[in-house]
Amino acid sequence: MSFTPLFGQKIMYGADYNPEQWLEHDEGFETILNKDLEMMQQAHCNIMSVGIFSWAQLEVNEDEFDFSWLDEVLDRLNEKGIKVFLATPSGARPHWLANKYPEVLRVNERRERALFGARHNHCMTSPKYRERVRIINTKLAERYGHHPAVIGWHLSNEYGGQCHCPLCQAKFREWLKQKYGTIENLNKQWWNTFWSHTYTDWSYIESPSSIGENGVHALYLDWMRFSSENALDFCKAERDTVKAITPDLPVTANFMEFFYDYDYFNWAPELDFISWDAYPQWHNFADPDYIASYTAMNHDLMRSLKGGQPFVLMESTPTNTNWRPLSTLKRPGMNILSSLQAVAHGADSVQYFQWRKSRGSSEKFHGAIVDHVGHLNTRAGREVIELGKILEKLSEVAGSAVDAKVAIVFDTPNRWAVDNAQGPRNKGVDYLPLCLDYYRPFFKRGIAVDVIDETCDLSKYKLVIAPMTYMMRDGYADRVKKFVADGGTYLSTYWSGIVNETDLCFLGGFPGELMDVMGIWEEEIDSLDEDVIVPVRLEPLGLERGFKSDNYYGTQLFGLVNPAPDTEVLLSYDYQFYKGKPVLTRHPYGQGVAYYVASRMDPGFLDTLAQMLSQELKLTNAFNEPAMPFREGVSAMARCNDKYRYVFLSNYSEHDQMVKLNSVYEDMLAEPEQQRHISGIVYLKPYDARVFRQAL
């Protein structure tokens, strides 16, 4: 399986390029531009994202445009063979627009209108803002849409946030009318008889606020859905403007890590390819696998948004950020390693923010390719050059696919619902960390995992893991039943199948519509402090299936489960009145099986569970071998096309590591004087990465 490479048979490599920052530089803009172009070639760059924050330089006053500097930049980049993602500049509006039309400024949940400043503080409902965005985007598309350097549109920058202004309130009410039809139906679906909160007129409905209504959970969920869809509508308006003039140019919008505000699975069909901005906190954790697996899961999410299609790493940093509480430098080798991790998990492009470090303002100390010293003869610059050479060697990897037989269900609306549920604990139910807990053992074994949501097709997988599916969306239970009945293996956890899409509890027992599949009834759930460890007992059936000790334990949440007669109990609690209640169950259903984990379990349990499932389902690792965990800090990932398997072997630890290759591979990064075909023991230095090729 493979895809048509996004940008020809090459890995794109480059950065956000913001030359407008240097238009008035003492050396002269032409001098800076010449130096930049020379260094871009030195770094083996072939793509730049241009124009992201350029609105004030492109439209200095209303309808007063100046494109001369951008003309020169695009022409000169094209002369050097460097392609461009041309941005629409809506991510940060100019002063004149906010001052003349204050309605474009965002209103927060306390109903306070923002002053001009920062970015992402505009109202995406405002007709005036949409009009001015359409005008500038039309000008850009007409002038540059057929420029030979431009190969795609970068819509805005990191769409995010919500607006609570009167325009948005009115649009929200219309959205609710379309969804519910009548105010009586809305009241019923939201359970508004509670606390005497019944609405008698649409005009009474306001978005959630800390100074107003914040206890109707269905209101909160619908407001989050509306805000996501409203922002998407704004994005689509931008897309449609440029597509009307340049229908063949692909569009993207740069996403963010496990972003909370918007439902990216709802956005993905409206974009031609996915891109995202990755800023992991490397070196800030004692466990080298933690941030590696967290970032890998993010990459897998981005790859999964469009059914496995390769994505673009639109932003990263070669050194450090400047906006985290602790801005740790990437250690030698980590920039190459982290960039190759993105490629291993499906990226066809690696890019940085930004090309040249800003001299002033809020990101003047954010890492960049060209530091304030003004050249590439720096530790980071030399590593950027080396990575450019590596990516040229890997050009044939572009378009290859990751073949995942395992999926983790990470659902954004479910995440909103879990966090707003007011129970069973209100100091961290930890939905995302729980999903990562179940992802990590497979990452450590080099098993490819897709990250999907409740709307996705399940049929291609052998194993679907759905931690804490508190809110089951319409149709999800039916897809799960068919998946298991057809021979799939489904694993769910405590606090699943509790409410429907409007946050109404299922009646008749939990996990709701999946009780028959799971073969259990979760009667109660208990919540204890994090430092309380609840021991579990190994049952004979658990021993038969590969669990080896009684040293496992649960924390935080404890489902008290009643098993059906045909449900196997593999482990049970050994604590207070929980004693004897199941912790891990296995239930046959049709041709498949369903597992249920009743508590948040320790890493040892999760590792054993992953090993048991890997053996039971004959899951293979990146080397197409039976999956066993690699050494701590070591991971492997594979991409394939019709001819080759490409294996990326990585060492995220600060120690030398070794891995045994059980067959012969071709070392794609070997220098001419080095042995190219290797087998047996392979050594990896700290923060080292190797890439191997094997014919299929």
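Heavy atoms only: backbone and side chains are in, while hydrogens, waters and symmetry mates are out.
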Salt bridge check, Glu270 against Arg239: does any charged N sit closer than 4.0 Å to a carboxylate O? yes

Pair Glu59 + Arg93: basic N to acidic O under 4.0 Å: no

Say whether, by atom type as modelled, one donor and one acceptor occur between the side chain of Asp66 and the main chain of Ser68 under 3.5 angstrom. yes

Do the ring planes of Phe226 and Phe172 sit parallel (below 30°), tilted (30 to 60°) or perpendicular (above 60°)? tilted

Show, in sequence, the C-alpha distance, side-chain angles and deciding distance for Thr295 and Gln341, and conclude whether the side-chain hydrogen bond (donor to acceptor under 3.5 Å, both in side chains) test is met. CA-CA 9 Å; Thr295 309; Gln341 182 193 49; 4.7 Å; no

Under the side chain to side chain contact (heavy atoms under 4.5 Å, CB included) criterion, do Asn157 and Phe53 qualify, and how do the steps go? CA-CA 8 Å; Asn157 182 72; Phe53 298 123; 3.3 Å; yes

Suppose we call two aromatic rings close when their centres sit under 6.0 Å apart. Are Phe85 and Trp153 close by that rule? no

Work out which heavy atom in Pro288 is nearest to a heavy atom in Ser653; give both atom names and the distance. CB-CA, 4.1 Å

Counting neighbours of NE2 on His25 that are heavy atoms of other residues, nucleotides or ligands and sit closer than 6.0 Å, is the number greater than 12? yes

Should Asp371 and Arg356 count as side-chain neighbours, where that means a heavy-atom distance under 4.5 Å? no

Enclosure of Glu64 CD (heavy-atom neighbours >12, cutoff 6.0 Å): yes

How close do Leu394 and Val691 get, counting heavy atoms only, and between which atoms? CD2-CG1, 3.8 Å

Looking at Lys35 and Glu38, is there a salt bridge between them, counting it only when a charged N and a carboxylate O are closer than 4.0 Å? no

When you measure from the side chain of Arg331 to the backbone N and O of Leu329, does any donor-acceptor pair fall under 3.5 Å? yes

Give a yes or no answer on whether the side chain of Asn18 reaches the backbone of Gln21 with a donor-acceptor pair at less than 3.5 Å. no

Are Met668 and Lys393 close enough, and set up right, to give a side chain to side chain contact (heavy atoms under 4.5 Å, CB included), and what steps lead you there? CA-CA 7 Å; Met668 296 188 72; Lys393 293 180 179 180; 5.9 Å; no

Quick test of your reading of the model: are Arg119 and Glu158 salt-bridged, counting only N-O distances below 4.0 Å? yes

More than 12 foreign heavy atoms under 6.0 Å from NZ of Lys128: is that the case here? yes

Keeping Arg143 on the side-chain end and Asp71 on the backbone end, is there a donor-acceptor pair under 3.5 Å? no

Thinking salt bridges, do Glu30 and Arg76 make one under a 4.0 Å N-O criterion? yes

Inspect the surroundings of NZ in Lys685 and state if more than 12 heavy atoms from other residues, nucleotides or ligands are less than 6.0 Å away. no

Ignoring hydrogens and angles, tell me if any N or O in the side chain of Asp261 forms a donor-acceptor pair with the backbone of Gly160 under 3.5 Å. no

Backbone of Ser358 reached by a side-chain donor or acceptor of Glu363 within 3.5 Å: no

Is the shortest distance from a Lys or Arg side-chain nitrogen in Glu396 or Arg693 to a carboxylate oxygen in the other one below 4.0 Å? yes

Can you confirm whether or not the ring centre of Tyr13 sits under 6.0 Å from the ring centre of Tyr352? yes

Spell out, as yes or no, whether a donor-acceptor pair under 3.5 Å connects the side chain of Asp263 to the backbone of Phe265. yes

Heavy-atom count check: over 12 atoms from other residues, nucleotides or ligands less than 6.0 Å from Glu72 CD? yes

Could you check whether His164 and Trp223 have their ring centres less than 6.0 Å apart? yes

Taking the side chain as C-beta and beyond, is there a heavy-atom pair between Arg415 and Tyr260 under 4.5 Å? yes

Taking the cut-offs as 6.0 angstrom to the six-membered ring centre and 45 degrees off its axis, would you call Lys83 and Phe7 a cation-pi pair? no

Under 6.0 Å between ring centres: does that hold for His299 and Phe311? yes

Do any N or O atoms from the side chain of Arg303 and from the backbone of Val402 form a donor-acceptor pair under 3.5 angstrom? no

Can you tell me how the ring of Tyr652 sits relative to the ring of Trp282, calling it parallel under 30°, perpendicular over 60° and tilted otherwise? parallel

I want to check something: taking the side chain as every heavy atom from C-beta on, are Ile151 and Met12 in contact at a cut-off of under 4.5 Å? yes

Short N-O contact, Glu666 and Arg676, less than 4.0 angstrom: yes

Check the surroundings of atom NZ in Lys364: do more than 12 heavy atoms from other residues, nucleotides or ligands lie under 6.0 Å from it? yes

Honestly, is Arg639 close enough over Tyr646, meaning NZ or CZ under 6.0 Å from the six-membered ring centre and within 45° of the axis? no

Do Phe258 and Phe410 have their ring centres less than 6.0 Å from each other? yes

I'd like to know if Asp272 and Lys243 make a salt bridge, using a cut-off of under 4.0 Å between side-chain N and carboxylate O. yes

Kindly assign one of parallel, tilted or perpendicular to the pair Tyr262 and Trp267, based on the angle between their ring planes and the thresholds 30° and 60°. parallel

With distance as the sole test, does Asp16 use its side chain to make a donor-acceptor pair with the main-chain N or O of Phe353 at under 3.5 Å? no

